[in-house]
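Right, one structure below, let's go through it.
Just so we're clear, the structure is a prediction, and the values are computed from it rather than from any experiment. Values below: every heavy atom of this structure, side chains too, minus hydrogens, waters and symmetry copies.
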Amino acid sequence: MKKVDTVRFGAIEVEEDKIVHFAQGIPAFEDEHEFVIIPYDEKSPYVFLQSLQTPDLAFLMTIPYIFFKDYEFEIDDATEKALALASPDDVLVYVLLTIPQGDVAGMTANLMAPVVINQRTMAAKQLVLEKSHYTTKHRLFEEAAGKGAR
């Protein structure tokens with residue numbers, strides 16, 4: 001067990017096999033290598049990716065397929081090898097979320113840069129998709145987008 005202080009969750013204990021390892025960090029956070037996934041609550045589709053190094057660094061994430069049924073991308077050979085992905089069952093995909101100025105209805109997902117985790121080894125990488133039609137700000141709730149346009 002590793003004891004970690006966090007701003008959002010207080011002091012937590014993390015089992016070693018639950019630590020998500022980003023060998024190269026996350027873009028813009030290259031010095032951050034170890035995180036833990038903490039559910040928002042039991043029934044929520046949201047989780048936090050909490051840094052084990054920086055107490056106030058936590059990203060809100062979700063599994064993209066919950067909101068974007070047709071979401072798809074290819075994992076390149078180098079990433080597949082780096083993460084030791086031996087089977088599709090190894091792959092866990094999340095996307096980072098942004099809540100603009102506390103407006104939950106306006107929440108967006110970064111589909112251009114999914115977080116890929118080998119759930120067997122907990123090795124992870126945030127991919128930046130090349131030549132993608134996805135953007136960094138896909139709205140989660142379309143009805144909210146429609147209301148703002150009136």
Side-chain angles (χ1 to χ4, degrees), residues 2 4-15 18-76 78-80 82-83 85 88-119 121-150:
K2 186 172 189 171
V4 179
D5 288 319
T6 71
V7 169
R8 182 177 300 273
F9 307 103
I12 59 172
E13 289 190 353
V14 179
E15 295 175 36
K18 300 291 186 208
I19 297 173
V20 180
H21 300 274
F22 288 83
Q24 294 143 358
I26 294 175
F29 299 92
E30 287 80 8
D31 294 334
E32 298 286 340
H33 299 280
E34 292 187 332
F35 291 82
V36 64
I37 295 173
I38 302 172
Y40 184 82
D41 67 34
E42 287 180 23
K43 296 181 181 183
S44 173
Y46 309 111
V47 298
F48 288 97
L49 183 66
Q50 172 66 53
S51 167
L52 299 189
Q53 180 180 329
T54 306
D56 64 346
L57 182 62
F59 300 99
L60 184 62
M61 303 191 306
T62 193
I63 295 172
Y65 311 106
I66 295 170
F67 296 94
F68 307 97
K69 305 285 186 227
D70 297 330
Y71 182 61
E72 62 181 22
F73 64 93
E74 286 189 29
I75 298 173
D76 61 272
T79 299
E80 207 169 284
L83 298 182
L85 297 170
D89 293 338
D90 291 346
V91 180
L92 186 57
V93 176
Y94 286 100
V95 291
L96 300 180
L97 301 175
T98 301
I99 303 173
Q101 298 173 352
D103 175 21
V104 174
M107 193 177 338
T108 60
N110 180 350
L111 298 184
M112 184 178 269
V115 172
V116 178
I117 302 170
N118 180 331
Q119 57 187 349
T121 66
M122 299 308 282
K125 182 176 182 179
Q126 184 178 21
L127 302 181
V128 177
L129 303 178
E130 301 288 327
K131 299 177 187 153
S132 170
H133 66 280
Y134 296 118
T135 71
T136 59
K137 296 198 180 298
H138 285 269
R139 292 183 78 101
L140 261 59
F141 308 111
E142 287 304 319
E143 59 277 359
K147 288 178 185 173
R150 289 183 197 176

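Inter-residue side-chain proximity for L129 and Y134 is flagged as met; some heavy-atom pair is nearer than 4.5 Å. Counting heavy atoms from C-beta on, the side chains of Q50 and V36 come closer than 4.5 Å.
Expressed to the nearest 0.5 Å, how far CD1 of I26 lies from CG of L96 amounts to 6.5 Å.
Under a 3.5 Å cut-off, the side chain of T98 and the backbone N or O of P100 do not form any donor-acceptor pair. Proximity of a side-chain donor or acceptor of H21 to a complementary backbone N or O of A123 within less than 3.5 Å is not detected. In this structure, Q126 contributes its side chain and V95 its backbone to no donor-acceptor pair below 3.5 Å. In this structure, the side chain of T54 does not engage the main chain of D56 through any donor-acceptor pair within 3.5 Å.
Every residue two or more places apart in sequence or in another chain that forms a side-chain hydrogen bond (donor to acceptor under 3.5 Å, both in side chains) with S51 is listed here: E32. Under the rule for a side-chain hydrogen bond (donor to acceptor under 3.5 Å, both in side chains), N110 has no partner lying at least two apart in sequence or in another chain. By the ring pair (Phe, Tyr, Trp, His ring centres under 6.0 Å) test, F59 is found to be paired with F29, residues two or more places apart in sequence or in another chain being considered. The salt bridge (Lys or Arg N to Asp or Glu O under 4.0 Å) check on K2 picks up E34, with sequence neighbours excluded.
Applying the salt bridge (Lys or Arg N to Asp or Glu O under 4.0 Å) test to every pair with at least one member in residues 99-109, sequence neighbours left out, gives no pairs at all.
In this structure, V14 and V4 approach most closely via the heavy-atom pair CG2-CG2, 4.3 Å.
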N/O donor to acceptor pairs below 3.5 angstrom from side-chain atoms of residues 61-71, sequence neighbours left out:
| residue | atom | partner | partner atom | Å |
| --- | --- | --- | --- | --- |
| T62 | OG1 | P45 | O | 2.8 |
| K69 | NZ | I66 | O | 3.1 |
| Y71 | OH | L111 | O | 2.7 |

